[in-house]
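See structure below.
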There are 2 protein chains.
Amino acid sequence: MFFLRDLPSRRMVEVYAERHDGLDVEAVRDALVLMRRASLLVRRLEAYFAAHGLSQLRFLVLIVIDREPERDGLSVTEIAERLDVSKPVITRTLAHLVEDGLIAIEADPDDARAKVVRLTEAGRATLSEVLPGYFALLSASGEDEGA
Amino acid sequence: MFFLRDLPSRRMVEVYAERHDGLDVEAVRDALVLMRRASLLVRRLEAYFAAHGLSQLRFLVLIVIDREPERDGLSVTEIAERLDVSKPVITRTLAHLVEDGLIAIEADPDDARAKVVRLTEAGRATLSEVLPGYFALLSASGEDEGA
DNA sequence: TGCCTTTCGTTACCATGATAACTAAAGAGC
DNA sequence: GCTCTTTAGTTATCATGGTAACGAAAGGCA
């Protein structure tokens with residue numbers, strides 16, 4: 001993402017609001033601030049993950065597998081659904097995670113089309129190493145920039 | 001961006017909170033909801049812009065030039081600064097906008113290194129065509145999904 | 001059984017973000 | 001006026017998002 005550095009100026013919105021009435025200036029401001037704050041938070045998170053050899057998506061893949069321990073692994077499609085990301089992106093991301101030894105992929109014994117994706121020990125270790133800092137960044141995100 | 005489809009479950013946060021105390025569960029939830037909402041809004045905006053032959057960045061380039069009418073055009077660097085995006089991305093985006101006839105780029109008479117980027121008539125026309133729908137989407141963004 | 005549709009995952013390709021390294025010109029300091 | 005540094009913009013390369021189209025297997029149904 002990204003967004004206008006200098007606060008999506010109230011002036012700008014008001015100027016345009018004059019020309020198009022019925023515009024809820026406050027709601028527009030809120031939406032702009034929402035995107036700006038989320039953008040900054042995502043940048044901080046990506047920088048944090050990069051320092052641990054991960055990306056936000058790689059991390060979230062580990063999370064969604066880990067948080068369903070009763071499921072003995074998820075399929076590629078299930079991961080894509082839970083993360084709301086397209087399947088080709090998941091395929092590529094899983095390949096990276098296998099390279100790094102954080103997950104293991106096996107054929108599904110019940111369906112020759114499907115695969116079962118599981119965390120490895122290293123994957124679980126990475127997750128517990130990264131989680132505290134992740135939550136700390138999320139906790140802190142409400143405090144900074146008055147954007 | 002993107003994010004966990006099923007609400008970044010409170011259960012998940014609480015489970016991890018137990019292991020790492022001092023964690024502000026509410027603040028974490030807020031941050032997750034923030035990212036999810038922004039992600040969905042950005043997707044809707046990108047879809048809207050795509051339907052008009054633009055992207056969010058191309059649109060914002062037009063906006064930042066348009067909102068400084070006293071400045072007779074901006075430099076590439078100034079646009080990059082205002083949008084908080086790297087210069088190579090701006091170079092590429094400007095090339096697309098020139099192809100589409102929405103902006104014009106000339107040499108800066110006062111500095112042989114620099115260029116002056118201005119909106120064309122078509123650029124201003126596109127902007128006024130797209131703005132109402134843009135603000136409408138922003139206004140509406142607070143109403144939907146309880147994410 | 002044999003076909004037709006659906007589903008699983010991948011491949012191929014495109015859009016858009018980043019950084020590193022480069023050229024050309026401007027500006028600082030002697 | 002000559003260097004050295006800084007600044008403007010581009011090029012090259014990479015990461016990560018998307019859609020379209022594909023092969024292989026499963027499933028529905030005559």
Side-chain angles (χ1 to χ4, degrees), chain A residues 1-5 35 38-40 42-47 49-61 73-100 103 105-117, chain B residues 1-3 5 35 38-40 42-61 73-100 103 105-117:
Chain A
M1 218 158 82
F2 73 93
F3 208 66
L4 292 166
R5 163 165 284 146
M35 289 194 291
S39 173
L40 292 174
V42 168
R43 278 191 188 176
R44 283 194 296 265
L45 288 174
E46 291 294 5
F49 287 130
H52 290 263
L54 292 174
S55 69
Q56 189 170 192
L57 182 55
R58 292 182 199 189
F59 169 75
L60 288 171
V61 167
L74 297 179
S75 72
V76 173
T77 299
E78 286 171 331
I79 295 171
E81 285 169 354
R82 281 160 180 65
L83 293 179
D84 206 3
V85 163
S86 68
K87 286 199 288 186
V89 171
I90 297 297
T91 294
R92 188 210 289 147
T93 303
L94 292 178
H96 286 304
L97 289 169
V98 168
E99 272 173 40
D100 293 348
I103 61 171
I105 303 183
E106 286 173 39
D108 183 332
D110 301 326
D111 185 338
R113 297 168 305 176
K115 296 179 170 184
V116 181
V117 183
Chain B
M1 218 158 83
F2 72 94
F3 209 66
R5 166 164 280 147
M35 288 195 290
S39 175
L40 293 174
V42 168
R43 277 191 188 176
R44 283 193 297 265
L45 289 174
E46 290 293 3
Y48 172 71
F49 288 129
H52 291 262
L54 292 174
S55 69
Q56 189 172 193
L57 182 56
R58 292 182 199 189
F59 168 76
L60 289 171
V61 168
L74 297 180
S75 72
V76 174
T77 299
E78 285 171 332
I79 296 172
E81 284 169 354
R82 282 159 179 65
L83 294 178
D84 208 1
V85 164
S86 68
K87 287 199 287 185
V89 171
I90 297 295
T91 293
R92 189 209 287 145
T93 303
L94 293 179
H96 287 303
L97 289 169
V98 169
E99 272 173 38
D100 293 348
I103 61 171
I105 303 183
E106 286 172 40
D108 183 330
D110 302 325
D111 186 337
R113 296 169 305 175
K115 295 178 171 185
V116 181
V117 183

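Below, each value reflects all heavy atoms present in this structure, side chains not excepted, and no hydrogens, waters or symmetry copies. Please read all numbers here as calculations on a predicted model, not as lab measurements. Residue numbering restarts at 1 for every chain, and letters A, B, ... go by the order of the sequence lines.
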[X] side, atom [atom1]; [Y] side, atom [atom2] - distance, nearest 0.5 Å:
| X | Y | atom1 | atom2 | value |
| --- | --- | --- | --- | --- |
| A:Gln56 | A:Leu83 | CD | CG | 10.0 Å |
| B:Lys87 | B:Leu94 | NZ | CG | 12.0 Å |
| A:Asp108 | A:Lys115 | CG | NZ | 11.5 Å |

How many Å lie between [atom1] on [X] and [atom2] on [N], as a whole number?
| X | N | atom1 | atom2 | result |
| --- | --- | --- | --- | --- |
| B:Leu54 | C:dT16 | CG | P | 10 Å |
| B:Glu46 | C:dG17 | CD | C1' | 11 Å |
| B:Leu45 | C:dT16 | CG | C1' | 16 Å |
| B:Phe49 | C:dT16 | CZ | P | 12 Å |
| B:Leu60 | C:dG17 | CG | C1' | 14 Å |
| B:Asp84 | C:dA18 | CG | C1' | 12 Å |
| B:Asp110 | C:dG27 | CG | P | 10 Å |
| A:Arg43 | C:dT19 | CZ | C1' | 13 Å |

Original post:
Under 4.0 Å between a side-chain N/O of B:Ser86 and OP1 or OP2 of C:dG17, yes or no?
Top reply: no
Original post:
Can you name the closest pair of heavy atoms from B:Gly73 and B:Val116 and give their distance?
Top reply: CA-CG1, 3.9 Å
Original post:
Mapping A:His96 and A:Ala112 to their closest nucleotides on DNA chain D, which lands nearer the 5' end?
Top reply: A:His96
Original post:
Which letters describe nucleotides 1-14 of chain C, given B = protein heavy atom under 4.0 Å from base, S = only from sugar-phosphate, - = neither?
Top reply: ------BBBBBB--
Original post:
Hey, is the main chain of A:Leu54 close enough, under 3.5 Å, to the side chain of A:Arg58 for a donor-acceptor pair?
Top reply: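 Not at all, since once roles are kept as given, no pair shorter than 3.5 Å links the two residues.
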Original post:
Taking the side chain from B:Glu78 and the backbone from B:Ser75, do they hold a donor-acceptor pair closer than 3.5 Å?
Top reply: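 Yes, B:Glu78 side chain to B:Ser75 backbone: donor-acceptor pair under 3.5 Å.
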